[in-house]
Amino acid sequence: MASDTQRILARAAREVIPGQIVNLGIGLPTRLFHYLPDEMEVLVHSENGVLGCRPRREGEAPDHDMIDSGGAYITTRPGASVFDSATSFAMIRRSRVDLTFMGAFEVDAAGNLANWKIPGKFSPGIGGAMELAQKVRRLVVLCSHNDKHGNPKILARCRLPLTARSCVSRIITDKAVMDVTPEGLAVVDIAEGLDPADLQAATEAALIIDESRLGRF
Amino acid sequence: MASDTQRILARAAREVIPGQIVNLGIGLPTRLFHYLPDEMEVLVHSENGVLGCRPRREGEAPDHDMIDSGGAYITTRPGASVFDSATSFAMIRRSRVDLTFMGAFEVDAAGNLANWKIPGKFSPGIGGAMELAQKVRRLVVLCSHNDKHGNPKILARCRLPLTARSCVSRIITDKAVMDVTPEGLAVVDIAEGLDPADLQAATEAALIIDESRLGRF
Amino acid sequence: MTLLTEKVRDIQAAVAAIPEGATIMVGGFGSPGTPFALLDALLESGQGGLTLIKNDANEPGIGIGKLIEAGRVTRLITSHLGLNRTAIEAMNAGRLEVSFHPQGLLAEKIRCAGAGHGGFLTDIGQGTEIAAGRREVEVDGRPWGIEPALHADVALVHAERADRYGNLIYRATASNFNPLMAMAAERVIAQAYRLDAPGELPIDAIHTPCAFVSQVVQVDRATSEQGVRPHGL
Amino acid sequence: MTLLTEKVRDIQAAVAAIPEGATIMVGGFGSPGTPFALLDALLESGQGGLTLIKNDANEPGIGIGKLIEAGRVTRLITSHLGLNRTAIEAMNAGRLEVSFHPQGLLAEKIRCAGAGHGGFLTDIGQGTEIAAGRREVEVDGRPWGIEPALHADVALVHAERADRYGNLIYRATASNFNPLMAMAAERVIAQAYRLDAPGELPIDAIHTPCAFVSQVVQVDRATSEQGVRPHGL
């Protein structure tokens with residue numbers, strides 16, 4: 001049976017439309033790489049300066065000048081380009097990246113995202129996350145529905161310092177797929193076998209659930 | 001015998017130090033090209049996006065993608081590079097061009113330069129002249145000492161709209177070589193056979209002339 | 001944005017979608033880099049009331065010179081018209097509104113839009129008539145003039161090579177304003193002499209990554225008509 | 001500026017001239033593009049009280065990680081320290097002052113210095129703590145934050161190839177901040193794996209024209225020690 005992580009990634013892969021430019025955030029989203037088939041014409045952007053990343057194949061020798069923003073050795077697919085950091089972020093700020101997947105410490109009903117700093121505990125710097133979150137056309141958050149202590153990560157209102165305001169379009173967790181709407185978080189899909197009431201109980205934000213239209217994943 | 005123009009250009013060529021980056025303004029300065037020997041390691045910058053221009057050789061076919069800022073077909077010397085307009089002007093604004101030669105309608109004792117607009121008569125736009133005049137490390141003006149009606153071009157104070165203030169280091173005309181100094185225009189060289197009093201009479205700005213140190217050209 | 005897989009267009013279809021009264025950036029410094037084929041197609045397509053942004057006005061009878069002569073251009077934002085006497089005549093006769101910017105500032109105003117900034121701070125032209133009326137702000141103890149970003153609905157650019165995703169390579173001094181404009185406009189239409197499959201362009205040689213380009217059309221080499229007229233050297 | 005003919009230097013001579021307390025830009029995003037040989041020479045040369053500007057702090061024991069561990073760095077202006085726990089420890093212990101900027105704004109602040117501007121106007125981070133205290137100005141009816149240019153005395157950059165005039169070519173993702181820093185600092189010292197005669201580099205492939213580069217040194221390829229540590233994928 002698929003792990004929670006595998007289910008999140010398999011569901012996330014269905015968000016990608018052939019012909020798009022997609023950025024994969026560090027951590028869980030980076031693993032989406034392996035869910036995009038080689039024959040699919042999608043260019044993966046990495047903000048250190050490459051468009052058209054693909055994972056190294058088994059046994060392929062690493063090129064020491066070719067990494068993604070997470071620091072992993074990658075290779076490129078046909079149609080790829082490399083460029084400096086100014087061009088890379090111009091692409092982001094001008095919304096020329098169609099879709100980005102990012103992790104989250106917290107995400108809330110208004111689509112606010114916090115994923116860069118936990119005051120007093122974790123503050124390694126913001127990297128490219130702020131510009132990606134604020135400017136990419138569509139931001140999909142991939143995260144566990146609850147933290148390792150069982151606390152909800154899908155909140156009524158974020159408490160940590162924000163990465164960007166009102167930036168999230170969709171949230172995919174092990175328990176549900178939720179869209180940020182003007183009325184609040186609307187559940188699109190719910191995990192196979194999970195009861196809607198249990199989903200709401202695991203979530204701080206009020207969820208809009210229309211059981212007649214609910215998908216399963 | 002050398003024409004006035006040839007004498008100006010021959011004198012101007014002596015300003016160039018091997019190893020420098022030099023920009024040649026449109027008109028008279030462009031012709032300086034032919035006074036820089038091929039073996040001299042100098043890179044000529046042209047603001048349309050090339051560093052390392054050299055004139056086409058007799059019979060060399062024109063490359064339709066390779067012009068200088070005056071619109072003439074050129075070619076390049078070893079060590080040349082091409083780049084976009086932003087990089088070209090970054091080079092200028094950051095004073096990475098060592099020396100530029102420019103024409104003048106008027107130039108004055110304070111080193112102010114007017115060479116882009118005659119209100120009501122001539123206003124084709126400023127092109128790159130303002131940034132070159134303001135930012136290149138050393139600006140040498142090449143012009144006739146008097147206009148075609150005999151009026152002085154070397155003034156006490158410019159009357160036309162300025163290209164840039166206090167930008168000129170040296171002025172080379174058919175009659176004299178003059179340096180802009182805090183005290184005013186100091187004559188360095190005077191044309192062969194010209195009397196200092198006649199030079200002053202042809203000049204609106206007061207000239208500082210130390211006959212004991214005067215060169216001839 | 002246009003999907004990577006849907007960028008290759010017929011030239012007339014590409015320019016037909018440009019609206020009447022559009023603001024259009026046009027690459028090129030003199031002839032090199034001018035997208036002559038796209039401009040000829042635009043002339044044929046018939047849109048008027050245009051605002052053009054180009055370093056210069058080409059020469060009479062070619063490039064944007066033709067559009068100006070046909071009365072299609074209301075306003076020109078430029079650096080220098082020195083090579084086009086018919087454009088200067090149109091300006092002097094009041095048939096063409098012209099805004100002049102120093103060349104490097106024009107490049108940076110375009111680059112600023114391409115970088116997603118609102119503007120930049122410059123010391124160029126302070127104390128001259130170019131800076132008259134320019135707002136100032138003090139940074140690091142010095143006054144700086146504010147130059148706002150310059151935006152456009154469309155950019156028409158010329159490249160030597162493209163692939164069908166829209167990656168572009170320029171050549172020699174035909175680069176000039178093209179890479180800047182290719183990043184700056186809402187819709188970017190690129191013409192190229194050669195159109196390849198993705199993977200054919202060397203990745204370190206690509207000047208404009210495909211993300212910025214909306215449509216690509218393949219065109220024939222410019223005619224000698226569109227070359228530089230003999231002058232200068 | 002250094003004459004074109006006088007740029008090739010011995011590596012120790014090149015870094016020896018960097019003054020105590022200098023502000024130094026350092027290229028690289030993680031390992032690729034980091035000028036390891038110049039950084040090792042700087043460590044050996046002994047200057048302290050340095051302010052470094054680099055996207056990240058490399059990893060412990062390599063690159064600027066070594067300089068931080070040796071106590072030579074007073075201040076670091078950066079985007080992210082995620083890969084260097086010793087740098088984070090030094091920051092938390094108060095031994096290293098760290099200023100964080102969003103990565104693209106850091107790139108643009110450097111680019112701004114390289115373009116000779118005083119700053120640029122951005123909407124990034126508005127309403128977040130990154131923008132706290134940032135001055136604003138209204139342009140085209142919208143508020144924009146002012147980001148001043150970031151200057152440095154020296155830039156240390158890494159290139160794949162150079163010629164003796166200082167023209168540079170970068171490779172793959174080893175480009176990153178290098179071309180920006182190569183334009184931005186007062187003195188630019190470039191290391192390259194290969195140093196050629198002028199004319200050997202293809203002119204359309206040159207990324208940094210020689211005008212911006214002060215000194216060039218040839219170095220051996222980075223050791224596997226300086227490669228990326230295994231993590232991520």
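First the proteins, then the strands, lettered A, B, ... as listed; each starts at 1.
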Worksheet item: Of the non-hydrogen atoms in B:P78 and D:P198, which two are nearest, and what is the gap between them?
Response: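 Distance-wise, the nearest heavy atoms are CB-O, 3.5 Å.
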Worksheet entry | Smallest separation among heavy atoms of D:I203 and B:A80, with atom names |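 The answer is CG2-O, 3.3 Å.
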Check chain B against chain D and list any donor-acceptor pairs under 3.5 Å.
| residue | atom | partner | partner atom | Å |
| --- | --- | --- | --- | --- |
| B:G19 | O | D:L4 | N | 2.8 |
| B:E41 | OE2 | D:R164 | NH1 | 3.4 |
| B:E41 | OE2 | D:R164 | NH2 | 3.0 |
| B:E41 | OE2 | D:Y165 | OH | 2.7 |
| B:G79 | O | D:N167 | ND2 | 3.0 |
| B:R93 | NE | D:A115 | O | 2.7 |
| B:R93 | NH2 | D:A115 | O | 3.1 |
| B:R94 | NE | D:A113 | O | 3.4 |
| B:R94 | NE | D:M183 | O | 3.1 |
| B:R94 | NH2 | D:M183 | O | 3.2 |
| B:R94 | NH2 | D:A184 | O | 3.0 |
| B:R94 | NH2 | D:A185 | O | 3.0 |
| B:R96 | NH2 | D:A185 | O | 3.2 |
| B:R96 | NH2 | D:E186 | O | 3.0 |

Discussion item. Please identify, among D:C210, D:P209, D:G116, the residue contributing the most non-hydrogen atom pairs under 4.5 Å to chain B.
Written reply: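 Among the listed options, the one with the most contacts to chain B is D:P209.
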Discussion item. If you count heavy-atom pairs within less than 4.5 Å of chain B, which of D:G166, D:A197, D:G114 leads?
Written reply: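 Between D:G166, D:A197, D:G114, the count favours D:G114.
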Discussion item. Can you tell me which portion of B:I92 sits under 4.5 Å from chain D's heavy atoms? Options are side chain, backbone, both or neither.
Written reply: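 Contact with chain D is absent: no heavy atom of B:I92 under 4.5 Å.
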Discussion item. Can you tell me which portion of D:A113 sits under 4.5 Å from chain B's heavy atoms? Options are side chain, backbone, both or neither.
Written reply: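 D:A113 touches chain B through backbone heavy atoms alone.
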Worksheet item: At a heavy-atom separation under 4.5 Å, does D:A205 approach chain B through its side chain, its backbone, both, or neither?
Response: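 When you check distances to chain B, no heavy atom of D:A205 falls under 4.5 Å.
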Practice prompt. Would you please name every residue forming a salt bridge (Lys or Arg N to Asp or Glu O under 4.0 Å) with B:R216, sequence neighbours left out?
Written response: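 Not a single residue meets the salt bridge (Lys or Arg N to Asp or Glu O under 4.0 Å) criterion with B:R216.
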Discussion item. Between B:L43, B:L51, B:V97, who has the most heavy-atom pairs with chain D when the cutoff is under 4.5 Å?
Written reply: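 Highest number of heavy-atom pairs under 4.5 Å: B:L43.
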Item to complete: Count the heavy-atom pairs under 4.5 Å between each of B:P18, B:G52, B:G19 and chain D, then report the option with the highest count.
Response: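 Maximum pair count with chain D is reached by B:G19.
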Sequence neighbours left out, cut at 3.5 Å: what donor-acceptor pairs do the side chains of residues 103-111 of chain B make with other protein atoms?
| residue | atom | partner | partner atom | Å |
| --- | --- | --- | --- | --- |
| B:E106 | OE1 | B:R159 | N | 2.7 |
| B:E106 | OE1 | B:L160 | N | 3.0 |
| B:D108 | OD1 | B:A110 | N | 2.9 |
| B:D108 | OD1 | B:G111 | N | 3.3 |
| B:D108 | OD1 | B:N112 | N | 3.0 |
| B:D108 | OD1 | B:N112 | ND2 | 3.4 |
| B:D108 | OD2 | B:N112 | ND2 | 3.1 |
| B:D108 | OD2 | B:C158 | N | 2.9 |

Worksheet entry | Partners passing side-chain contact (heavy atoms from CB on, under 4.5 Å) against B:D189 (at least two apart in sequence or in another chain) |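 Counting only residues at least two positions away or on another chain, B:D189 forms a side-chain contact (heavy atoms from CB on, under 4.5 Å) with B:R11, B:R14, B:V177, B:F217.
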Worksheet item: If you round to the nearest 0.5 Å, how far is CG of D:L4 from CD1 of B:I21?
Response: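 Answer rounded to 0.5 Å: 5.0 Å.
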